[in-house]
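Encoded as structure tokens, the structure appears first; notes follow it.
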Amino acid sequence: MVSLTNLRRAVKNALAFTSSQPDVSEVEVFASAGRNLTVRLNYTSHIPSNGVEEPKSTEGYGLGIRATFNTTNGVKTGFGSEPADLSLNGVARALEKARAGAVTDPKFVSLPKLDSPQRPTRDTTSLANYDPALMKIGNQGLVKTGWSMMERGLEAFESSKDLLSLAGYPEKISELGLILGGDVVMLQDRMAIGSTHIPSIQTDQNTVVMSFATAMIETQSSKGSGWSVSSQLADFSGESAGEAARNAIASINGERIPTGEYNVILGPQAVTEILEWVLMPGLSMDMIFAGASPFIGKLGRMVASDNFNLYDNGSEPGMPSSKAITDEALPTGRTNLIQNGKLSGFLSDYYNYQRILNDPTGSEKLGADPRSVLESIAPRNGFRPNNGGGRNFAGIPRPVPTNLIIEGNRANNQEELLQLVGNGVYIGRIWYTYPVNGTASGDFSGTIIGDSYLIKDGKFAAPLKPNTIRMNDNVLRLINNILGITSKHRATVRWSSDQVTWAPQIAVSGYGLEEISGYMENA
Amino acid sequence: MPTQFSRVTVESLDRFRANLQSLVAEKTKSLPSLRYCDLRIQVREQKSAVAENGSDKASSEDCTFDFGVRAIAGERSSASGYYGRVLGTTDLDQLEDVIWDSIKQAHNRARANARHKSRARNRFPILGGSLNSSGLAEVPVCQDTVHANYTSDPRQVPLSEISRMAADGCKSIQSQGNNIVYSAASASTFLLRELYLSSDGADIDQTFAQTEGFAITICSSEHGNFELYDFTGHQKGWEILTEGYDNGPIVLPNFMDFCEALGSDAIEVAAAPPLKPPDKEVTVVTDPHFNTLLVHEVVGHPSELDRALKYETGYAGRSWFLKNMQDNQLGKQIASPLVTAYSDPTIEGYGSFSYDHEGTPARRAYILRNGVLEEFLNNRQTAAIMGSEPNGSARSTEAQLVPLIRMTNTIFAPGNQDPQSIISEVEDGYFIAGHRTPSIAESRENFRITAVKVYEIKNGQLGRLYRDGGMTSDSRDYFMSIDAVGSDLRVNPIPNCGKGQPMQAKRMSNGGPTMRGTARLTGPGSLSGNQRI
């Protein structure tokens with residue numbers, strides 16, 4: 001992969017060249033190199049399979065230029081990028097694309113400046129979200145990560161007394177329909193950036209290894225999950241597949257429940273899914289402008305239980321999604337989104353930060369004078385995410401979460417949540433949970449697909465049969481009906497993203513559950 | 001100072017086609033234990049623009065260039081390895097070296113994978129038995145060149161015209177009323193050329209034109225902001241947005257009319273009261289736009305054989321059509337005899353092609369014929385496992401990504417009933433028009449899909465309009481309940497079907513005629529009527 005030194009040099013040279021062009025009034029040069037290494041798993045005991053299905057990778061490098069141009073029709077802004085060429089020829093091509101595509105955007109104020117409350121306060125190289133071993137992993141290492149997951153999963157299946165008991169004989173275990181799927185994803189990322197307003201070239205490099213495994217005993221309709229995330233290869237063991245297999249075995253003999261409103265505990269994966277697909281879109285500044293947020297005009301008001309806190313922190317050392325700087329050369333940091341139930345901020349990039357400051361209806365949109373709440377809207381989240389995670393030189397910045405953290409104020413443990421729920425359901429894993437009536441409404445629907453249990457008299461009673469319950473509820477109602485939040489949370493990953501949510505377990509009252517798919521018992 | 005430079009165009013591939021074919025078919029013979037290799041390489045020349053609230057937001061004229069390699073190798077056991085990369089102009093002078101190095105990387109991964117597979121078979125004597133050598137079903141080895149079909153060449157459209165189209169689209173939306181609080185529109189047009197070369201000797205060169213428009217609006221009302229968006233587009237040139245298109249099943253208005261209708265619908269629906277759904281099943285008549293998403297989610301996806309064979313257990317989900325090789329729904333009646341659905345890349349649509357990304361010739365695959373499950377959509381590997389004939393459903397969004405099993409143009413076949421009579425026969429029911437957002441159960445055995453509009457039907461006439469409504473049902477129950485299928489087939493573009501890791505958002509077409517069945521309705525808030533806060 002292209003070295004940081006070469007990326008830094010390319011940005012320096014590009015900045016000098018582009019700044020010297022007579023029609024360029026402001027310019028920002030972003031160069032990156034990234035590689036996504038993914039190993040997909042597919043093991044089935046009852047159908048021929050490959051075990052490790054796809055050891056693969058994609059990679060690219062290049063530079064992207066945002067510039068403002070003085071034209072006879074006024075100031076125009078444009079973006080252009082060029083892959084696989086960091087020379088001045090590549091710079092010239094990218095600049096020409098930016099010039100050709102430049103438009104007059106009435107909302108544009110300037111390229112990013114260090115003029116928000118978020119100031120550089122630390123040595124940004126100390127985040128340590130980089131692992132040389134992960135950056136250098138080769139083909140053998142790539143394939144080995146997948147098979148280490150496969151081996152942990154098969155070990156858990158093959159050593160299970162419960163499965164042996166179900167099958168009767170060891171050689172019959174495979175007839176139970178054992179499935180192990182999922183993947184391990186490793187991201188390698190380097191970037192450099194410099195601009196007219198922040199001319200000192202800044203660099204960053206990040207690595208992350210994420211795994212997600214799903215195991216099933218299909219004849220028993222039981223399913224379990226396991227996952228891991230770290231920036232260090234040494235932290236990866238493949239154990240997430242063993243966890244998934246054990247969880248699948250633990251959920252054999254699942255039961256159905258009838259339609260109704262239930263007290264529930266949402267596990268970390270369920271919390272993450274609802275948070276990221278349903279709640280977070282409304283906490284992004286661009287959605288405020290679109291009128292597609294349920295939080296328009298509510299800054300400073302109570303929007304959730306006073307026990308609910310949600311913040312994004314891209315600068316916390318050791319957290320997997322921490323970055324030294326944003327993809328706009330601005331310092332990362334903590335943005336409080338909901339604090340003690342009160343709406344406290346929005347994720348923003350520089351464009352949207354400037355847009356709200358200069359919007360005559362900004363106070364109406366936020367619910368407060370934007371200039372009096374600069375901390376709440378500071379541009380700490382301008383990133384250019386690649387498909388699957390990482391940084392993409394060919395994209396322009398937009399508000400993107402980093403490490404999302406949910407916390408309660410009352411430090412409950414799981415036993416306390418079970419007591420608070422009394423009789424209800426622990427929902428471990430959900431699926432396809434979308435805002436079904438638009439993001440502004442908060443309405444969502446999804447199904448429960450595994451890792452879930454019935455709760456009776458404050459204790460786990462029996463597994464819930466996967467794929468038998470559809471959830472129908474509203475996220476604003478959910479965050480206002482919180483019974484308790486555990487102090488312990490778990491780093492949880494999301495499909496095709498390097499965003500990490502530190503999710504606790506959350507107990508909620510009156511959650512809408514609908515029994516579905518009765519015909520599948522005999523299908 | 002920069003020197004004069006060349007640029008990548010779709011024609012750039014002319015220079016390399018023969019040498020790359022030789023590389024894949026001949027030079028790879030020197031690689032130990034290589035059983036199969038294929039290369040996909042593509043160039044896309046694209047122009048696009050975005051506008052917001054009537055003002056320009058961005059525009060771009062660019063080219064993407066990338067490739068992906070698959071190798072199957074191994075001695076005692078075989079396995080796959082892949083490698084993909086983004087390319088640039090500078091790679092033109094060294095392309096064969098870059099690709100040869102990448103073939104070696106994929107081959108190296110495949111061999112390592114095969115060695116681990118052999119070890120796992122030995123280490124897990126009970127469970128390792130199902131770990132098989134990777135194999136591909138036979139397909140004809142084709143050499144062909146397929147040209148794009150367009151009137152107005154995407155490369156010749158001035159970028160300023162594309163910007164103007166997007167901005168004018170916004171203005172068309174806004175012209176519909178003062179309570180439109182937000183509008184955005186985008187327009188794009190591109191020419192895409194793909195080479196497929198294999199160690200078997202396949203040498204396929206396909207070029208596609210594609211033009212797309214997107215519009216979104218948010219409309220305020222006493223019932224809360226209402227959000228509505230939709231896409232238009234076709235595998236044609238820029239004429240799709242300037243003039244529209246009508247071939248019978250595909251009816252695309254020009255982009256201004258498209259945006260105007262979107263704005264008008266949003267205003268009408270936003271003002272309507274939220275639906276309070278009855279707590280029992282009702283008669284539902286669904287229009288072709290709603291059935292576009294229904295057939296996509298509940299017929300197309302569960303017919304993908306990678307899901308059915310559990311490859312997607314951790315992500316896109318399985319399929320209720322197949323528990324295992326012995327216990328499945330093939331040949332069984334799972335829908336009303338009135339229901340036929342097929343996937344056909346040989347008809348016009350967003351999912352049209354002559355060969356898929358494994359070089360398999362395109363053909364129609366009947367998923368449901370007269371309500372009986374007949375065929376899964378497959379790729380060469382899953383076809384080999386099932387012992388079935390490949391039907392050409394393996395596709396990726398970019399050459400650097402691994403092809404997945406995908407719908408093509410997947411539709412409910414039309415019946416012969418007048419759509420108006422399907423409504424007029426209903427004494428008491430609901431008309432569900434236009435799709436919004438789906439939420440589908442893991443094996444596609446149950447669905448909830450929200451609609452743009454829900455009308456009461458009373459005594460055969462459309463009555464009151466409601467917003468925030470939709471319908472939900474167990475899939476088999478709904479399909480068995482269908483008692484009328486209209487003659488009014490419409491085929492619509494679906495530009496953003498997400499699947500895979502990393503996620504690939506694929507274009508395809510879906511559609512259907514007006515249909516009638518029974519289902520439960522859904523409304524706003526929670527199931528039990530807990531209202532929004």
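To find a chain, count down the sequence lines: A is the first, B the second, and so on, and within it residues start at 1. These numbers come from the heavy atoms of this one structure, side chains and all, not from hydrogens, waters or symmetry mates.
Of the listed residues A:Pro170, A:Gly62, A:Gly182, the one with more heavy-atom pairs under 4.5 angstrom with chain B than any other is A:Pro170. Counting heavy-atom pairs closer than 4.5 Å to chain A, the top residue among B:Asp306, B:Asn446, B:Asp66 is B:Asn446. Comparing A:Thr44, A:Leu154, A:Thr38 by how many heavy-atom pairs each has under 4.5 Å with chain B, the most go to A:Leu154. Ranked by heavy-atom pairs under 4.5 Å with chain B, the list A:Asp85, A:Ile179, A:Ile173, A:Ile449 is led by A:Ile179. The candidate with the highest count of non-hydrogen atom pairs below 4.5 Å against chain B, out of A:Lys172, A:Glu155, A:Lys223, is A:Glu155. Of the listed residues (A:Glu82, A:Met216, A:His46), the one with the most heavy-atom contacts under 4.5 Å to chain B is A:Met216. Top candidate by heavy-atom pairs under 4.5 Å with chain B, chosen from A:Thr447, A:Val143, A:Ile396, is A:Val143.
With a threshold of 4.5 angstrom between heavy atoms, A:Phe289 approaches chain B through N, CA, C or O but not through any side-chain atom. Interface remark: A:Ile47 contributes backbone and side-chain atoms alike to the contact with chain B (heavy atom separation under 4.5 Å). In this structure, chain A has no heavy atom under 4.5 Å from any part of B:Arg111. For A:Arg35, no part lies under 4.5 angstrom from a heavy atom of chain B. Interface residue B:Leu87: only backbone heavy atoms are found under 4.5 Å from chain A. Looking at A:Ser445, both its backbone and its side chain come within 4.5 Å of chain B, counting heavy atoms on both sides. Proximity to chain A (any heavy atom under 4.5 Å) is shown, for B:Ala71, by neither the backbone nor the side chain. For A:Asn42, the part lying under 4.5 angstrom from a heavy atom of chain B is the side chain only. When heavy atoms are compared at a cutoff of 4.5 Å, A:Ser497 does not approach chain B at all. Heavy atoms closer than 4.5 Å to chain A are found nowhere in B:Thr522, neither backbone nor side chain. Using a 4.5 Å cut-off between heavy atoms, A:Asn36 touches chain B through its side chain atoms alone. Neither the backbone nor the side chain of A:Pro466 comes within contact range of chain B; no heavy atoms are under 4.5 Å apart. At a 4.5 Å heavy-atom cutoff, the contact between B:Arg436 and chain A is made by side-chain atoms alone. Contacts of A:Val185 with chain B are made by side-chain atoms alone, with heavy-atom separations under 4.5 Å and no backbone atom involved. Only the side chain of B:Gln329 comes within less than 4.5 Å of a heavy atom of chain A; its backbone N, CA, C and O stay farther away. For A:Tyr169, no part lies under 4.5 angstrom from a heavy atom of chain B. Interface residue A:Glu54: backbone and side-chain heavy atoms are both found under 4.5 Å from chain B. For B:Ile126, the parts lying under 4.5 angstrom from a heavy atom of chain A are both the backbone and the side chain. Contacts of A:Leu178 with chain B are made by side-chain atoms alone, with heavy-atom separations under 4.5 Å and no backbone atom involved. In this structure, the portion of A:Lys107 lying under 4.5 Å from any heavy atom of chain B is its side chain and not its backbone. Using a 4.5 Å cut-off between heavy atoms, A:Tyr434 contacts chain B through its side chain alone, with no backbone atom that close.
Aromatic ring pairs are classed by plane angle as parallel below 30°, tilted from 30° to 60° and perpendicular above 60°; the pair B:Tyr315 and A:Phe212 is tilted.
The closest side-chain heavy-atom distance from B:Tyr311 to A:Glu53 is below 4.5 Å. Counting heavy atoms from C-beta outward, B:Arg123 and A:Glu151 have side chains that approach closer than 4.5 Å. Counting only heavy atoms from C-beta outward, the side chains of B:Gln400 and B:Val86 approach each other to under 4.5 Å. Considering only heavy atoms from C-beta on, B:Arg70 stays 4.5 Å or farther from B:Val402 through its side chain.
By the neighbour-count criterion of 12 heavy atoms within 6.0 Å, atom OH of B:Tyr229 is sparsely surrounded, having that number or fewer from other residues, nucleotides or ligands.
Inspection of the A:Thr214 and A:Arg429 side chains reveals an N or O donor paired with an N or O acceptor under 3.5 Å.
Minimum heavy-atom separation, A:Arg470 to B:Ala441: NH2-N, 3.7 Å.
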(message) As a quick check of understanding, evaluate salt bridge (Lys or Arg N to Asp or Glu O under 4.0 Å) for B:Arg85 and B:Asp91, giving each step before the final call.
(response) CA-CA 11 Å; B:Arg85 224 193 91 176; B:Asp91 292 308; 3.2 Å; yes
